[in-house]
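First up is the structure itself, then whatever we jot down about it.
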2 protein chains.
Amino acid sequence: MAPPAEQRGSAAHVLELVASGAVASRADLVRELGLAASTVSARVQELVDLGLLAEDGEGTSRGGRRPRLLRIPDDGAVALAVDLGSHHVRLGAVTRTGAASDTEEHAYDLTEGPEPTLELLAGRLSGLAARQRAAGRTVRGVGIGFPGPVDPDTGRVVAPARMPGWHLYELRDRLAERAGLPVLVDNDANVMALGEHAAVHPELQHLVLVKAGRGIGSGVISHGRVYRGAGGAAGDISHVRVEAAAERPCSCGNIGCLETVASGAALVVALRERGVPVAGAADILRLVRDGEPEATTLVRQAGRHIGTVLSVVVNFFNPQAVLLGGALAEAEPMVAAVRAMLYERCLPMTTGQLTIAAASSGPDAGLLGAGRLALRELVP
Amino acid sequence: MAPPAEQRGSAAHVLELVASGAVASRADLVRELGLAASTVSARVQELVDLGLLAEDGEGTSRGGRRPRLLRIPDDGAVALAVDLGSHHVRLGAVTRTGAASDTEEHAYDLTEGPEPTLELLAGRLSGLAARQRAAGRTVRGVGIGFPGPVDPDTGRVVAPARMPGWHLYELRDRLAERAGLPVLVDNDANVMALGEHAAVHPELQHLVLVKAGRGIGSGVISHGRVYRGAGGAAGDISHVRVEAAAERPCSCGNIGCLETVASGAALVVALRERGVPVAGAADILRLVRDGEPEATTLVRQAGRHIGTVLSVVVNFFNPQAVLLGGALAEAEPMVAAVRAMLYERCLPMTTGQLTIAAASSGPDAGLLGAGRLALRELVP
DNA sequence: CGTCTTCATTCGCAGACCGAAGAAAGGTTC
DNA sequence: GAACCTTTCTTCGGTCTGCGAATGAAGACG
């Protein structure tokens, strides 16, 4: 059932199926891929020889010979992963088995421009790489989720709002040079969507992941692949005009955007206006967990706004799942409000089979996606 | 550049490239497909032998040997095409060259149920088939665009609003039995999108076609293929809630849907309420052409509503083109209003390369799409 | 008039994938 | 427990696809 990343039965496809647990033996692969047993056997043998796949004992018989189980071996390869936010950066190492380790998070300001960011990343990554190597691991490369539009072919940042100096910055090449490692960059929501899809819902063909943090972004998986649209800008929902935002000016230069009423940044401002002192999304989360009424109401209201916009997306795109990621998705009222709006506003035909849930890989979702991206693209 | 209908270099792909004028010779195909010249030559020879492709003299030299031009021959095959509306049905014959002929249009009421429709279609199609055969043509099959959700795999109508008796009706199989011809059924907007894409914009990967007639539907082309979503319901925009529709009840059972203020049916009602006697979209069009202020204002307002919803779609889906089809799209103010809303509300990054235009195949767009669908699927 | 460019075909070859046959290892049934 | 069926996996030709080099065809250019 899993959708082909490249082609049916390609190395990447086989590895993904095994990694996600969708298949456990050669016979499973035959059923899943629809290829001849001989073909599957040859392909698997190849991957075993390369060390990308391993045999792991035998399973239980289903009335005949026991299957020889397959698993993704931890071959010691890691990708360094970076989840870049506008006011924080999270780093870690990700193995082929999909585990994040050695994670660290730093506060800092992306709007200070690309050079300080490059400096910070290069420093942290070099430390991370050294520690990983000392632990006997091979560092394959770096995967980055960036909170703005990225051209994934060139690894350049494109026209981000509110980030002076970043336009057309060659983040990939600059960092690759500094770090001495291959680097891959993509939009943060895309990266998170990729990670959630591969790790949690590999059987789904079409899903939307909304990243609700300081800003709002979304990553789209269509036919099992990241959908980018004509100009690589697909998935933007934060600059949709909503009634409640009225004439509020937005960083994009327009007015009334969703972002101005439903983003983490907007909630921080709104809470401060109401006399509730908060510094960031983490504070909001804490208040919501403690049942602080102002914060809870605002988060729920933000969820309604996001749900309103998503209802159009769901009717139009008819996905199998809407996943909510980012800091705000950890607040229950946010998820509940989105769910309520979608069930109320969308056609029964589209919501009948629709999963609406918080992203299940939690705070490391972006990290895992970025790591997976790098490990996938940089096959041995 | 043209996107693969099935696979790069498949017969259907090659024929589409030639039909659309994107390529004119084997050498063009080599450049377009990226396949080896030998492969292309073999493929073309095969199609020529089958009579699906013909050589047509020589082109002009570009400094070397002249190319041997290719064209789609009129091999005498036709598909009967049906553009089914809720209050009219348009029929005709479509050749491989993409020409519609022997078209006829009848008023009638789809809501009377499937049996009368089947009766009408069977009768008209048999006459059409007889005339085509008398003219020396071979009738390959029937293609139908249906104004409601269709499961294209089974050819069944699924849960249409306001059409009692149609749910799960096996239109394809019933009609195939009656007509003695293979039948293909798809949603009317999908069919129109397919036709416009193949005939006019084969080079585009991602486009949205909005059919604004009595109802409002949209057909989505993604990666060069019709996008249907998880449940086959993708492309619905008519049941998105818009402010201006407030509490108006909609046929879908919800309130405030776009359809209740921007569809042809809604405009007819609104004009009558204002004392302007109109029977259908054709009347509205005439009034707009004559500069009648009430009608013009209403159409423009409908265009703004549609544009508002489309702005979300465009930001999210980031298509290369938004095409407007259906009766209302022939009214200039409608197109102008949609254009204005999209340029005002969407991100520059998405509108920068965006084409917004009326569907260029006019009233026969649906017919041509349905015919093309049938001829494409029923390769001899 | 020779040379270069473009267009097209022929032909041998490599790789992908298949299917039949069979081997390995287990159940099931009398 | 012996015969037989199932399931899993491999081995071994075979077919088919598409590539690339070589070649031919036909015109442009100096």
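Naming: A, B, ... by sequence-line order, numbering from 1 per chain. From a predicted model like this one, the values you see are computed outputs, not experimental measurements.
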Completion exercise
Taken to the nearest whole Å, CD/A/Glu46 to P/C/dC17 is 10 Å

Handout entry: Interatomic distance where CD belongs to A/Glu55 and P belongs to D/dT8 [whole Å]
Key = 15 Å

Handout entry: side-chain hydrogen bond (donor to acceptor under 3.5 Å, both in side chains) partners of B/Glu55, counting only residues at least two apart
Key = B/Arg26, B/Arg68

Problem - Interatomic distance, A/Arg66 CZ vs C/dA24 C1' [rounded to whole Å] - result: 11 Å

Exercise for the section: Would you mind reading off the distance between A/Arg26 atom CZ and D/dT7 atom P, rounded to a whole angstrom? Expected result: 18 Å

Problem - Contacts of A/Arg372 that satisfy salt bridge (charged side-chain N to carboxylate O under 4.0 Å, His left out) - sequence neighbours left out - result: none

Practice task
Using the closest heavy atom to pick a nucleotide of DNA chain C for each, name whichever of B/Gln45 or A/Gly34 lands nearer the 5' end.
Solution key: B/Gln45

Practice task
Please work out if B/Ser38 contacts a base, only the sugar-phosphate, or nothing of the nucleic acid, heavy-atom cut-off 4.0 Å.
Solution key: base

Completion exercise
With sequence neighbours left out, the residues meeting salt bridge (charged side-chain N to carboxylate O under 4.0 Å, His left out) with B/Arg172 are none

Problem - Residue B/Pro67, side-chain heavy atoms: nucleotide from C/dC7, C/dC17, D/dT8 that is nearest - result: C/dC7

Practice task
Name the closest nucleotide to the A/Ser61 side chain, picking from C/dC7, C/dC17, C/dG26.
Solution key: C/dG26

Exercise for the section: Please name all residues satisfying salt bridge (charged side-chain N to carboxylate O under 4.0 Å, His left out) with B/Arg31, sequence neighbours left out, ordered by chain then number. Expected result: B/Asp28

Problem - For A/Thr97, all residues meeting side chain to side chain contact (heavy atoms under 4.5 Å, CB included), sequence neighbours excluded - result: A/Asp74, A/Thr95, A/Ala99

Handout entry: Residue that, paired with B/Leu194, satisfies side-chain contact (heavy atoms from CB on, under 4.5 Å) out of B/Asp186, B/Leu209, B/Leu373
Key = B/Leu373

Practice task
Please work out which of the three classes, parallel, tilted or perpendicular, describes the rings of B/Tyr227 and A/Phe317, given edges at 30° and 60°.
Solution key: parallel

Problem - A/Leu69 CG to C/dG26 P, straight-line distance once rounded to whole Å - result: 14 Å

Polar atom pairs (N or O), protein with nucleotides 3-5 of chain C, under 3.5 Å:
from, atom 1, to, atom 2, distance (Å)
C/dT5, O2, B/Gly63, O, 3.3

Exercise for the section: Can you tell me the distance, in whole Å, between the CG atom of B/Leu53 and the P atom of C/dA8? Expected result: 12 Å

Handout entry: Under-4.0 Å side-chain N/O to phosphate OP1/OP2 contact, B/Arg31 with C/dC7
Key = yes

Exercise for the section: Round to the nearest Å and state the distance from B/Arg68 atom CZ to D/dA25 atom C1'. Expected result: 10 Å

Practice task
Write down the distance between CG (B/Leu35) and P (D/dG20), rounded to a whole number of angstrom.
Solution key: 10 Å

